[in-house]
Amino acid sequence: MSMMLLDPETKEALQQLYSETIEAMELAKKSPDLDDLAATIAVALLKLGLATGFVEQKYPGFAKDVEEKRQRVIAALTKNQGTTH
């Protein structure tokens with residue numbers, strides 16, 4: 001879904017969540033140990049889940065669409081790994 005299609009309130013909220021997700025992933029790259037890495041990845045996943053839920057409230061079916069696309073990506077990666085080995 002293009003950010004241009006979203007109303008200003010949704011767009012602003014998503015931009016904030018995306019910024020926080022990117023910040024968490026940047027911290028994960030600098031994590032000195034697995035506990036820090038796990039914590040920062042958990043924050044990033046939480047922020048992505050919040051963003052998905054937020055859009056789902058205004059655009060029902062969005063979360064289902066995200067999950068379907070996630071499954072297609074997993075299937076394509078799995079198929080690709082099978083052909084490269």
Review point. With Ala63, which residues qualify under side chain to side chain contact (heavy atoms under 4.5 Å, CB included), at least two apart?
Key: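 Side chain to side chain contact (heavy atoms under 4.5 Å, CB included) check on Ala63 returns Thr52, Glu56.
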Exercise for review: Tell me, yes or no, whether the heavy-atom count around Leu34 atom CG, taken from other residues, nucleotides or ligands under 6.0 Å, exceeds 12.
Suggested key: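 Incorrect, the count does not exceed 12.
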Exercise for review: Any chance you could measure Ile41, atom CD1, to Leu46, atom CG, to the nearest 0.5 Å?
Suggested key: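 It comes to 13.5 Å.
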Point to revise | Spacing of Phe54 atom CZ and Phe62 atom CZ [to the nearest 0.5 Å] | key: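 One gets 12.0 Å once the value is rounded to the nearest 0.5 Å.
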Practice item. Dump the intermediate steps for salt bridge (charged side-chain N to carboxylate O under 4.0 Å, His left out) on Asp65 and Lys69, then the final yes or no. Key: CA-CA 6 Å; Asp65 188 42; Lys69 286 176 173 59; 2.6 Å; yes
Check your understanding: Cluster question for you: counting only ILVMFWY and a side-chain heavy-atom cut-off of under 4.5 Å, with indirect links fine, are Tyr18 and Tyr59 together?
Key ->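 Tyr18 and Tyr59: one cluster.
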Review point. Any chain of hydrophobic side-chain contacts (each under 4.5 Å) joining Leu50 to Val66?
Key: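 Per the 4.5 Å side-chain linkage, Leu50 and Val66 are not co-clustered.
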Practice item. Return the set of residues passing salt bridge (charged side-chain N to carboxylate O under 4.0 Å, His left out) with Arg70 (not counting sequence neighbours), or none when no residue passes. Key: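 With sequence neighbours excluded, Arg70 shows a salt bridge (charged side-chain N to carboxylate O under 4.0 Å, His left out) to Glu67, given in chain and number order.
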Could you give the side-chain donor-acceptor pairs of residues 20-30 under 3.5 Å, partners two or more places apart or in another chain?
| unit_1 | atom_1 | unit_2 | atom_2 | d |
| --- | --- | --- | --- | --- |
| Glu20 | OE1 | Lys47 | NZ | 2.5 |
| Glu20 | OE2 | Gln16 | NE2 | 2.7 |
| Thr21 | OG1 | Leu17 | O | 2.8 |

